[in-house]
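The structure appears below as structure tokens.
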Amino acid sequence: MAELKALLFDVDGTLADTEEIHRQSFNKAFLEAGHDWHWSQDDYRELLKVTGGKERIQHFLQQQYPEFSVPGDLWDYIAGLHKRKTAHYVEQLQGGRIPLRPGVKRLIEAARAENYRLAVATTTTMENITALLESNLGPDAMQWFDAVAAGDMVAKKKPAPDIYLLAMEQLQLAPEDCIAFEDSYNGVQAARAAQLVTIVTASEYTRDDDFSGAALILDQMGEPDAPARALYGTLAPDDYLSMPVVREVFARAAECA
Ligand code: XBP
Ligand code: MG
């Protein structure tokens with residue numbers, strides 16, 4: 001029988017509602033570089049279909065400014081812009097100004113207390129993860145995670161399974177030992193393509209996404225005094241995402257596999 005050994009977390013949208021800060025940071029970098037490009041919330045919802053900040057800028061230019069060119073290499077230029085975007089983003093996160101979503105800290109602490117291994121599998125840049133986790137969980141937060149697979153560590157970002165495969169390789173575990181936590185269509189596609197049982201907490205920018213393939217879909221992880229709402233699947237034995245609920249979802253999915 002499969003035994004749960006590790007929890008693999010997506011970052012943006014799952015651990016914290018960060019996409020609005022990402023959007024504002026892209027816009028700051030554009031303005032600073034003298035461009036009149038501006039991504040509205042509606043634009044950004046659409047642009048989020050392309051994962052990875054550099055890839056997102058590249059896609060935007062191909063769609064909106066196909067004639068745009070720079071003296072050197074365009075990808076290098078995009079990488080430079082993205083570096084500034086990361087600096088703006090990290091500045092916003094410092095001091096814990098962007099909180100973790102309800103229940104995230106509780107679930108991570110519960111998993112640690114029960115000796116489960118933890119990992120991050122994300123499209124975003126490493127500096128962003130460090131800033132988010134350290135500002136919310138303390139200076140040694142990165143050490144709580146046995147694997148951190150992020151950004152350009154893989155050639156193909158989500159919805160490809162690569163980032164999850166890398167996280168499991170770092171953990172030296174197989175998909176039947178792990179469960180993934182996601183918030184988006186692309187994230188669920190990546191986790192499922194990596195054969196992982198997946199729990200979704202829908203986020204601000206992804207609530208209308210198609211989460212087919214997830215074993216449980218919640219509006220949030222919730223807390224003992226602030227229940228989560230199940231949008232698909234059974235939330236039991238607790239009415240918030242506790243470790244007993246995670247184990248129950250994992251066991252049920254393993255039975256069906
Ligand atoms: C979500 C993303 C990221 C961020 C931007 O990643 O698509 O690209 O929007 O991050 P996930 P960067 O949910 O997998 O964490 O600009 O650093 O790429
Ligand atoms: Mg996400």
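Order of listing sets the numbers, starting from 1, for every ligand and every atom in it. Index from 1, following the sequence. We use all heavy atoms of the structure for the numbers below, so side chains are in, but hydrogens, waters and symmetry mates are not.
Closest to atom 10 (O) of ligand 1, if we only count protein heavy atoms, is T124 OG1, 2.8 Å. Protein heavy atom nearest atom 4 (C) of ligand 1, with residue, atom name and distance: D12 OD2, 3.5 Å. The protein atom (non-hydrogen) at minimum distance from atom 2 (C) of ligand 1 is R56 NH2, 3.5 Å. Closest to atom 1 (C) of ligand 1 among all protein heavy atoms lies E19 OE2, 3.4 Å. For atom 13 (O) of ligand 1, the nearest non-hydrogen atom of the protein is D10 OD1, 2.7 Å.
Of all the atoms in ligand 1, the ones that sit under 4.0 Å from a non-hydrogen atom of N128 are 17 (O). The contact set between ligand 1 and T122, taken as ligand atoms under 4.0 Å from a residue heavy atom, comprises 11 (P), 14 (O), 15 (O).
For D177 and R117, the salt-bridge test fails: no basic side-chain N is under 4.0 Å from an acidic carboxylate O. The pair R23-E20 counts as a salt bridge, with a side-chain nitrogen and a carboxylate oxygen less than 4.0 angstrom apart. Salt-bridge annotation for K157 and D162: absent, with no side-chain N of the basic residue lying under 4.0 Å from a carboxylate O of the acidic one. A salt bridge links R247 with E114; the closest basic N to acidic carboxylate O contact falls under 4.0 Å.
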*Before giving the answer on ring-ring contact (aromatic ring centres under 6.0 Å, His included), spell out for F211 and Y232 the whole-Å C-alpha distance, their side-chain angles and the decisive distance to 0.1 Å.*
CA-CA 9 Å; F211 299 123; Y232 171 81; over 10 Å; no
*Please step through salt bridge (Lys or Arg N to Asp or Glu O under 4.0 Å) for the pair K49 and E46, ending with a clear verdict.*
CA-CA 6 Å; K49 289 179 184 161; E46 202 51 36; 2.7 Å; yes
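Near the Mg ion (ligand 2), less than 2.8 Å away, sit the protein N, O or S atoms D10 OD2, D12 O, D183 OD1.
Judged by distance alone, the side chains of R192 and Y164 never bring a donor and an acceptor atom under 3.5 Å apart. Between the side chains of T18 and D12, at least one donor N or O sits under 3.5 Å from an acceptor N or O. Side-chain contact annotation: E32 with H88, donor-acceptor N/O pair under 3.5 Å present. S212 and D210 share a donor-acceptor pair across their side chains, judged by distance under 3.5 Å alone.
Not a single heavy atom of F9 sits less than 4.0 Å from an atom of ligand 1. Distances shorter than 4.0 angstrom occur between a heavy atom of K85 and an atom of ligand 1. Distances shorter than 4.0 angstrom do not occur between any heavy atom of E182 and any atom of ligand 1. Residue contacts with ligand 1 include G52, since one or more of its heavy atoms lies under 4.0 Å from the ligand. Ligand 1 lies within reach of H82, whose nearest heavy atom is under 4.0 Å from it.
At a heavy-atom cutoff of 4.0 Å, ligand 1 is contacted by both the backbone and the side chain of T125. Only the side chain of Y44 comes within contact range of ligand 1, with a heavy atom under 4.0 Å; no backbone atom does.
The side chain to side chain donor-acceptor pair (under 3.5 Å) check on K156 picks up nothing, with sequence neighbours excluded.
Considering backbone and side-chain atoms together, T86 places no N or O closer than 3.5 Å to any N or O of ligand 1. Some N or O of G53 is nearer than 3.5 Å to an N or O of ligand 1, by distance alone. Checked against a 3.5 angstrom limit, the closest N/O atoms of K158 and ligand 1 fall inside it. Of the polar atoms of T51, none of the N or O atoms is found under 3.5 Å from an N or O of ligand 1, judged by distance alone.
Taking the six-membered ring wherever Trp is involved, the centroid distance between the rings of F30 and W39 falls below 6.0 Å.
For residues 223-233, every residue pair satisfying the salt bridge (Lys or Arg N to Asp or Glu O under 4.0 Å) rule, not counting sequence neighbours, is listed here: R106-E223. Residue pairs meeting the ring pair (Phe, Tyr, Trp, His ring centres under 6.0 Å) criterion with at least one member in residues 138-157, sequence neighbours excluded, do not occur.
Cation-pi geometry between K85 and Y89 is satisfied (NZ or CZ under 6.0 Å from the ring centre, within 45° of the ring normal).
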